[in-house]
Amino acid sequence: MPLIKCISRSPQDNNNRHEFFKNADPILHPFERSREISRTIVGAKLERLFAKPFFGALSGHTDGVYSLARHPTDLKLVASGSGNGEIRVWDVSLQKQLWYIPRAHSSIIQSIALPDARHNNLMLTCSPDCTVKLWRLDLSEEGGFEYSSTPVSTWTSDEAFRSLDYQRSHINYSLNFATAAGSLLQIWDITRAEPITSLEYTDDTVVHVRFNPSERNLLAASASDCTIGLADVRTSNPIRKIVTAMRTNSISWNPREPIYFSAANEDHNVYTFDIRNTQQALQVHVGHVAAILDIDYSPTGREFTTASYDQTVRIFNHKERLERDIYYTGRMQRIFAVRFTADSRFILSGSDDANVRIWKAKSSAPVGLISRQAQSKIDYFDNLKKRYANLPIVSSIITHRKLPKPIYRAKIVKRQHIKAKNRRLDNLQKHSRPGLTIKKNIRIENISSKT
C-alpha cells in the first residue's frame with residue numbers, strides 16, 4: 001500500500017500563505033537603481049513605439065469645421081458646425097451621424113452650446129448672420145433622433161454674434177445664456193425675446209465668452225482690444241480687466257479648480273490665470289508657432305488641449321510650461337475647434353479641411369480591454385518614467401517628436417528671435433545704472449491688470 005504524505009495547516013497559517021516579504025534595505029540591492037533605469041528606458045521606447053494617436057474621422061461636412069460642443073451628460077454625443085451654416089450631431093462611439101440640418105444659419109456657425117439633460121436636450125447656435133437659434137434634440141424609440149429643420153426659438157440682434165455660452169443653473173431655474181455681439185455682452189432668457197441684461201464691456205468687438213462652471217454668475221470674456229474681462233452678470237460693469245500684448249481668441253475654465261482659467265492668445269502662447277491675483281500669469285505655456293485659436297480643458301482638470309493655426313493639436317499639463325504631446329497629419333489644415341470627450345480619453349478637432357478627427361488623449365494607450373497583468377505593467381512603467389524623468393537619456397526619449405518641415409523651421413526661427421531678444425535685453429541690463437531692471441519675467445512681461 002503506498003504511503004501518502006499530506007501537508008496540513010492551521011486556519012491562522014492558511015490566511016497568510018500568499019504573503020511575500022521583501023527586505024527593502026538598499027545594502028542588499030546594490031543594482032536596484034541601474035535595473036530601474038534600464039526598465040525606464042525600455043518603457044519609454046515602448047511607449048513611443050506603440051504611439052498611434054489618430055483614432056478615426058467623422059466625415060460629412062462640405063466646408064471647414066469651426067465649432068464643436070460636447071454634451072455634458074452623454075459621453076458619445078458631439079455637435080459640430082461648419083462654415084456653410086450646417087450643423088451635424090454625431091455618435092462618437094459608432095462614428096455615425098445622428099442629426100443634420102443643411103442650412104441652420106445663412107453664415108458660418110461661430111459657436112454651439114449643449115446644455116445638460118435637465119433642459120430637455122436643447123442646443124444653442126449662433127452665427128454672424130445676427131441670429132441665435134434654439135434647437136431641440138428628441139430621442140426616438142429606435143435610439144436615433146427625431147428632428148425638425150425649424151428651430152424652437154430665434155433671437156436677433158443688430159450686431160453679428162461671435163460667441164455664446166449657457167449659464168449653469170439649478171434644476172428649478174430657466175435656461176440663461178450669454179452672447180458676444182459687437183461690443184456688448186448680453187444675457188438672455190430662453191423664455192424672453194429681449195436680453196435681460198446688457199454689459200458694456202468694451203468699445204471694441206467681444207470675441208469670446210465663457211461662464212464659470214462653479215460660480216454661475218461669473219463670466220469671462222475676451223475682446224479685440226487685447227483685454228480679458230471678468231464680470232458678474234448681476235452688475236453692469238466688469239469686475240476686473242487683464243490687458244495682454246495681443247488678442248485672446250478663446251478662454252477655458254478649469255472644471256476641477258474653477259478659480260483658474262487659461263487664455264489662448266494670438267502670440268502663440270497660453271496664459272493660465274488665478275482670478276484671485278491677475279497681476280501676473282500663473283503659468284505661460286509655450287510651443288506653438290502660430291496663433292492659438294481654441295482651447296479646452298479635460299474634465300479631470302489636469303490637462304488641456306489647444307488648436308492652432310500651425311495645423312497642430314497640442315496637449316499641455318495645466319502646471320507645465322511645455323506640451324506633453326503634439327498631434328498632426330499630412331492632410332489636416334488649420335484647426336479652429338478642439339474638445340475633450342467627457343471621459344477624457346479622446347480629443348476631437350475640427351479643421352479647415354471639413355473633417356472632425358478623433359485622437360487618443362494618450363497616444364500609446366490601448367483602446368480595447370486588456371488583462372490585469374498588462375495594465376499593471378503599464379502602470380509600473382509610468383511610475384518609473386515619472387521617477388526618472390529628469391535623466392537626460394529618459395527625457396530625450398519621452399519629449400522627442402518628429403515635426404513637419406514647415407513647423408520645425410518656424411520653431412527654429414522663433415527660437416532664434418527669442419535668443420536675440422534676450423541677448424539684447426541682457427546687454428541693456430549690463431550697461432544700465434545699478435538697480436534698473438530691464439528684463440521682465442515672461443509671466444508679467446505681456447500682462448497688465450486693471451481693477
Side-chain angles (χ1 to χ4, degrees), residues 33-34 36-55 262 264-265 267-272 281-290 292 295-298 300-330 332 335 338 340 344-347 349 359-366 377-419 422 442-443:
R33 179 178 172 84
S34 60
E36 287 187 345
I37 292 176
S38 299
R39 292 172 183 172
T40 305
I41 296 173
V42 171
K45 290 182 178 180
L46 286 176
E47 181 185 12
R48 300 312 310 151
L49 180 65
F50 292 105
K52 296 180 179 180
F54 182 72
F55 183 74
S262 296
N265 204 273
D267 64 357
H268 315 172
N269 298 332
V270 176
Y271 297 90
T272 298
L282 196 65
Q283 183 60 274
V284 180
H285 310 273
V286 301
H288 280 288
V289 295
I292 304 175
I295 182 173
D296 185 56
Y297 262 95
S298 166
T300 62
R302 300 301 176 189
E303 292 181 334
F304 62 83
T305 179
T306 56
S308 175
Y309 207 77
D310 63 8
Q311 306 176 11
T312 62
V313 174
R314 307 198 184 208
I315 306 173
F316 292 84
N317 185 290
H318 73 299
K319 293 183 178 179
E320 300 295 333
R321 181 170 176 265
L322 299 176
E323 71 273 0
R324 175 176 66 81
D325 217 334
I326 308 172
Y327 297 159
Y328 63 91
T329 64
M332 186 165 62
I335 307 169
V338 68
F340 265 99
S344 303
R345 294 181 58 197
F346 298 96
I347 296 171
S349 65
W359 310 86
K360 291 190 290 186
K362 188 175 181 181
S363 58
S364 60
K377 186 176 181 180
I378 293 174
D379 296 339
Y380 176 66
F381 280 142
D382 289 341
N383 292 330
L384 287 179
K385 283 181 285 188
K386 290 179 182 178
R387 183 175 181 180
Y388 297 103
N390 293 327
L391 293 180
I393 188 173
V394 177
S395 63
S396 63
I397 298 173
I398 295 175
T399 59
H400 176 71
R401 297 293 184 274
K402 186 177 179 180
L403 297 174
K405 285 185 178 179
I407 299 176
Y408 181 76
R409 291 170 182 169
K411 182 179 177 181
I412 298 299
V413 172
K414 183 178 178 181
R415 187 182 301 170
Q416 292 174 351
H417 289 175
I418 293 175
K419 287 184 178 179
N422 291 335
I442 188 174
R443 298 184 182 184

Applying side-chain contact (heavy atoms from CB on, under 4.5 Å) between Val270 and each of Ile295, Asn265, Val284, report the one that passes. Ile295
Aromatic centroids of Trp359 and Phe55 separated by under 6.0 Å: no
For residues Ile335 and Ser349, report the shortest heavy-atom separation together with the two atoms involved. CG2-CB, 4.1 Å
What distance separates His288 NE2 from Thr306 OG1, expressed to the nearest 0.5 Å? 2.5 Å
Could you pull out the closest heavy-atom pair between Ile393 and Ile41, with the gap in Å? CD1-CD1, 3.7 Å
Rounded to the nearest 0.5 Å, what's the gap from OG1 on Thr40 to CG on Asp382? Could you check? 11.0 Å
Where is the tightest heavy-atom contact between Tyr327 and Ala361, given as atom of each residue plus distance? OH-O, 3.4 Å
Quick one: OG1 on Thr399 to CG on Leu322, what's the gap to the nearest 0.5 Å? 8.5 Å
Closest non-hydrogen atom pair, Arg39 against Leu384: CB-CD1, 3.8 Å
Give a yes or no on whether Phe54 atom CZ has more than 12 heavy-atom contacts from other residues, nucleotides or ligands under 6.0 Å away. yes
Can you tell me how far the CZ atom of Arg324 sits from the CZ atom of Phe304, to the nearest 0.5 Å? 11.5 Å
Near Leu46 CG, under 6.0 Å, is it more than 12 heavy atoms from other residues, nucleotides or ligands? yes
Without swapping roles, check the side chain of Arg443 against the backbone of Leu282 for a donor-acceptor pair under 3.5 Å. yes
To check you understand the geometry: which heavy-atom pair defines the closest contact between Ser344 and Ser298, and what is its length? OG-OG, 3.0 Å
Closest non-hydrogen atom pair between Tyr297 and Ser262, with its separation: OH-OG, 2.8 Å
Atom CG of Asp379: over 12 foreign heavy atoms under 6.0 Å: yes
Side-chain H-bond candidate by donor/acceptor type, His285 with Thr272, under 3.5 Å: yes
Taking side chain as C-beta onward, heavy atoms only, is Val313 less than 4.5 Å from Pro53? no
Minimum side-chain heavy-atom gap Arg415-Ile412 below 4.5 Å: yes
Side-chain donor/acceptor of Asp296 to backbone N/O of Phe340, under 3.5 Å: yes
Rounded to the nearest 0.5 angstrom, the OH-CD distance for Tyr380 and Glu36 is 5.0 Å
Does Arg321 CZ have over 12 foreign heavy atoms under 6.0 Å away? no
Rounded to the nearest 0.5 Å, what separates atom CZ in Phe316 from atom OG1 in Thr305? 8.5 Å
Test side-chain hydrogen bond (donor to acceptor under 3.5 Å, both in side chains) applied to Asp325 and Arg401, Lys360, Lys362, the passing residue: Arg401
Could you go through Ile347 and Val338, starting from their C-alpha distance and side-chain angles, then the distance that decides it, and tell me whether this counts as side chain to side chain contact (heavy atoms under 4.5 Å, CB included)? CA-CA 7 Å; Ile347 296 171; Val338 68; 3.7 Å; yes
Can you check side chain to side chain contact (heavy atoms under 4.5 Å, CB included) on Arg48 and Ser364, steps first, answer last? CA-CA 7 Å; Arg48 300 312 310 151; Ser364 60; over 6 Å; no
Lys414 and Asp310: salt bridge (charged side-chain N to carboxylate O under 4.0 Å, His left out), yes or no, with the steps? CA-CA 13 Å; Lys414 183 178 178 181; Asp310 63 8; over 6 Å; no
Just checking Tyr388: does its OH atom have more than 12 heavy atoms from other residues, nucleotides or ligands closer to it than 6.0 angstrom? yes
For the pair Arg314 (side chain) and Gly287 (backbone), establish whether a donor and an acceptor sit closer than 3.5 Å, ignoring hydrogens and angles. yes
